[in-house]
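First up is the structure itself, then whatever we jot down about it.
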Amino acid sequence: MVGKFRRANSSSKPMSRTYFPYLSRFSSGSRCSMSIVVWSLVGFLIILHLYTLISHTNIQSKVTHTSISRNPLLSELEVVEEENIQMPPPRRRSPRAAKRKPKRPTTLIDEFLDESSQIRHIFFPSMKMAVDPMKDAGNDSFYYYPGRIWLDTEGNPIQAHGGGILYDERSSTYYWYGEYKDGPTYHAHKKGAARVDIIGVGCYSSKDLWTWKNEGIVLAADERNETDLHKSNVLERPKVIYNDKTRQYVMWMHIDDANYTKASVGVAVSDSPTGPFDYLFSKRPHGFDSRDMTIFKDDDGVAYLIYSSEDNTELHIGPLNKEYLDVTHDVRRILVGQHREAPALFKHEGTYYMITSGCSGWAPNEALAHAAESIMGPWENMGNPCIGGNKIFRATTFFAQSTFVLPLPGLPASFIFMADRWNPADLRDSRYVWLPLTVGGAADLPLDYSFGFPLWSRVSIYWHKRWRLPARWSA
């Protein structure tokens, strides 16, 4: 027995075939079972993907039809308007200049940035075309003209750039806060960006979102050199929210030095929406650099700070404390590596949406819409929300940059998209681009962080040369 056992053990292959034949069957059966599992999983994913695509198409057609039919008042705002801007003839160049460097074809963006362009009046219409609510009557009443000069009730151009709007329930009044840039444009140094000295934060009040009364400068520059508000520094994108517990109006803003190295947020408070606001301090939130920013007050009263950070390569978001005077320790990094700025956040039917711009200085670039089920993320990209104009208009956010999205109570899924058309040659002459924004129809892009298409609706910003809110809508 021992001898036979040793001879059988001297060769493993005969032993496995003769004495343990079930091992081969077990090994091949395992491979077969594994293949069945893998191909079953692949088939399931394919079926799920096809189902998602079909559902996405059905949802898109259903919701798109619903978005137009749910409220006939909105159908006019969702009409697509096209633009056909003719490029001016090329300028003559001296033979010497042409020999030195071949000239690349001039683009519409070049013409926009060129203060001597023959078509500059298209982007920056003259004062003769200004919107004057005190004079416009009859058929011109309550019409918005994106890009035109907009006058207040005293006949002066509104100075509220990079701003946002607060609806004050106590006075049933809208307050528009923004950068007061009514000063000369210059460069602090040769390579510095175009700038205007700090004058302060302007405030305007309105009952109808069209006629605006100048309430004055509610946070003024400080003459003392050591302060954040000294005229040589930077104050941008002021936003104001109301704290129901402290009964204070709280302003957050981007505070910087002329070289944009301070990269901080500033906080000010007031007992009145028309100020004056008392400036409290500046800081780097969560210990990070902060430039373009906004604040958002949620339905439950919790407020959030959203800001561009890490040299504008990503956004950070986190809640404020109960007094809205500081951030908490909770913070999330979102849109990492995407180089987005100028965030404008809003909410619809439990979903959070945000419009951002790329980083190109004063030059316009393509907007992106984002969405999230939780305000802290993850945030998904939804593509370019701009509709109408032409390809260049859509690729430049209608030659403007996002600053705020204003809800319109009484108009389902409807908002006003507020943007600035910057004029780097004369920043005080920068214009406002207000356009209708709607939420409806299925999203265009699949999810970044999970399989399939999202269930939330797409965001659409419609280009109009001239538009107004439905006549039946009342502020």
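Source: prediction; values computed, not measured. Counting begins at 1 with the first residue of the sequence.
For the 3.5 Å distance criterion, the side chains of Glu215 and Thr274 fail to qualify, holding no donor opposite an acceptor. A donor-acceptor contact closer than 3.5 angstrom is absent between the side chains of Asp292 and Ser308. Judged by distance alone, the side chains of Asp228 and Tyr279 do bring a donor and an acceptor atom under 3.5 Å apart. Looking at Gln118 and Glu111, their side chains never bring a donor and an acceptor atom within 3.5 Å of each other. Judged purely by distance below 3.5 Å, without hydrogens or angles, the side chains of His161 and Glu179 never pair a donor atom with an acceptor atom. At a cut-off of 3.5 Å, with distance as the only test, no side-chain donor of His230 or Asp222 sits close to an acceptor on the other residue. Of the N and O atoms on the side chains of Thr261 and Asp257, at least one donor lies less than 3.5 Å from an acceptor on the other residue. Tyr260 and Arg291 are not linked by any side-chain donor-acceptor pair at a separation below 3.5 angstrom, with hydrogens and angles left out of the test. With hydrogens and angles left out, the side-chain atoms of Thr356 and His370 include a donor and acceptor closer than 3.5 Å. For the 3.5 Å distance criterion, the side chains of Asn384 and Glu366 qualify, holding a donor opposite an acceptor.
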Do Asn365 and Ser357 pass the side chain to side chain contact (heavy atoms under 4.5 Å, CB included) test, and can you show the C-alpha distance, the side-chain angles, and the key distance before you say yes or no?
CA-CA 7 Å; Asn365 57 65; Ser357 83; 3.5 Å; yes

Before giving the answer on ring-ring contact (aromatic ring centres under 6.0 Å, His included), spell out for Tyr353 and Phe346 the whole-Å C-alpha distance, their side-chain angles and the decisive distance to 0.1 Å.
CA-CA 5 Å; Tyr353 297 91; Phe346 60 104; 5.5 Å; yes

Passes salt bridge (charged side-chain N to carboxylate O under 4.0 Å, His left out), Glu83 versus Lys465? Steps please.
CA-CA 9 Å; Glu83 288 283 354; Lys465 294 180 181 178; 3.8 Å; yes

Should Val327 and Val331 be marked as a side chain to side chain contact (heavy atoms under 4.5 Å, CB included) after you check the CA-CA gap, both sets of side-chain angles, and the distance that decides it?
CA-CA 9 Å; Val327 294; Val331 62; over 6 Å; no

Between Met251 and Val240, is a side chain to side chain contact (heavy atoms under 4.5 Å, CB included) present by the stated rule, with each step listed?
CA-CA 4 Å; Met251 178 188 296; Val240 176; 3.8 Å; yes

Apply side chain to side chain contact (heavy atoms under 4.5 Å, CB included) to Ile416 and Leu437, showing your working.
CA-CA 6 Å; Ile416 293 180; Leu437 181 153; over 6 Å; no

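Judged purely by atom type and a 3.5 angstrom limit, Thr313 has no side-chain atom pairing as donor or acceptor with the backbone of Asp311. Side-chain atoms of Thr397 come within 3.5 Å of backbone N or O of Ala367 as a donor-acceptor pair. No side-chain donor-acceptor contact under 3.5 Å links Asp168 to the backbone of Tyr174. Side-chain N or O atoms of Ser270 include none that pairs as donor or acceptor with a backbone N or O of Pro273 at under 3.5 Å. The backbone N or O of Lys262 sits less than 3.5 Å from a side-chain atom of Arg284, completing a donor-acceptor pair. Checked by atom type and distance alone, the side chain of Arg421 pairs as donor or acceptor with a backbone atom of Phe123 at under 3.5 Å. Within the 3.5 Å criterion, the main-chain N or O of Asn423 finds a donor-acceptor partner in the side chain of Ser430. Side-chain atoms of Thr403 come within 3.5 Å of backbone atoms of Gly163 as a donor-acceptor pair (strictly under, hydrogens ignored). The main-chain N or O of Thr211 is found under 3.5 Å from a side-chain atom of Ser206 such that the two form a donor-acceptor pair. Remark: side-chain polar atoms of Asp152 are paired, donor with acceptor, to backbone N or O of Glu154 under 3.5 angstrom.
When each of Lys135, Met127, Met134 is tested with Leu151 by the rule side chain to side chain contact (heavy atoms under 4.5 Å, CB included), just one qualifies, namely Met127. Among Phe415, Trp150, Trp467, Trp210, the single residue meeting the ring-ring contact (aromatic ring centres under 6.0 Å, His included) criterion with Trp434 is Trp150.
Between Phe393 and Phe399, the angle of the ring planes goes over 60°, which puts this pair in the perpendicular group of the 30/60° scheme. Relative orientation of the Tyr307 and His286 rings is parallel, given thresholds of 30° and 60° on the angle between their planes. Using a 30° and 60° split on the angle between ring planes, Trp176 and Tyr432 fall in the perpendicular class, above 60°.
Minimum interatomic distance between Val439 and Ser457 (heavy atoms only, all atoms of both residues): CG1-CB, 3.7 Å. Between Ile255 and Leu229, the shortest heavy-atom distance links the atoms CD1-CD2, 4.1 Å. For the pair Ile355 and Ala369, the tightest heavy-atom approach, listed with the atom from each and the gap, is CD1-CB, 3.9 Å. Between Tyr144 and Pro146, the shortest heavy-atom contact is O-CD, 3.6 Å. Residues Met376 and Ile334 approach most closely at O-CG2, 4.2 Å, considering heavy atoms. In plain terms, the two heavy atoms of Ser402 and Arg237 that are nearest each other are O-NH1, 3.2 Å.
How far NE2 of His316 is from CG of Leu335: 10.5 Å, rounded to the nearest 0.5 Å. Taking CG from Asp429 and OG1 from Thr185, the interatomic distance works out to 9.0 Å, rounded to the nearest 0.5 Å.
With a 4.5 Å cut-off on side-chain heavy atoms, Ser290 and Ser309 do not count as touching. Contact annotation: the side chain of Arg466 approaches that of Tyr143 to within less than 4.5 Å [non-hydrogen atoms, C-beta and beyond]. Counting heavy atoms from C-beta on, the side chains of His254 and Ser264 never come closer than 4.5 Å. Counting only heavy atoms from C-beta outward, the side chains of Asp197 and Tyr186 approach each other to under 4.5 Å. Considering only heavy atoms from C-beta on, Met293 stays 4.5 Å or farther from Glu236 through its side chain. Using a 4.5 Å heavy-atom cutoff, the side chains of Phe296 and Ile375 are in contact. Taking the side chain as every heavy atom from C-beta outward, Ile85 and Leu108 approach each other to under 4.5 Å. Counting only heavy atoms from C-beta outward, the side chains of Trp422 and Arg431 never approach each other to under 4.5 Å.
With respect to Arg332 and Asp330, a salt bridge is recorded, a charged nitrogen being found less than 4.0 Å from a carboxylate O. The pair Lys283-Asp326 meets the salt-bridge criterion, since a charged nitrogen lies less than 4.0 angstrom from a carboxylate oxygen. Between Lys347 and Asp298, at least one side-chain nitrogen of the basic residue sits less than 4.0 Å from a carboxylate oxygen of the acidic one, meeting the salt-bridge criterion.
Atom CZ of Arg120 has more than 12 heavy atoms from other residues, nucleotides or ligands within 6.0 Å. More than 12 heavy atoms of other residues, nucleotides or ligands shown are found within 6.0 angstrom of CD on Glu82. Enclosure of atom CD in Glu310 by more than 12 non-hydrogen atoms of other residues, nucleotides or ligands within 6.0 angstrom is indicated.
The cationic group of Arg468 does not satisfy the cation-pi geometry with Phe142, failing either the under 6.0 Å distance to the six-membered ring centre or the 45° limit from the ring axis. Cation-pi contact between Arg148 and Tyr145: present, with separation from the ring centre below 6.0 Å and deviation from the ring axis of at most 45°.
In this structure, Phe398 has its ring center no closer than 6.0 Å to that of Phe417. Proximity of the aromatic rings of Tyr249 and Tyr242 is defined here by a centroid distance below 6.0 angstrom, and this criterion is met.
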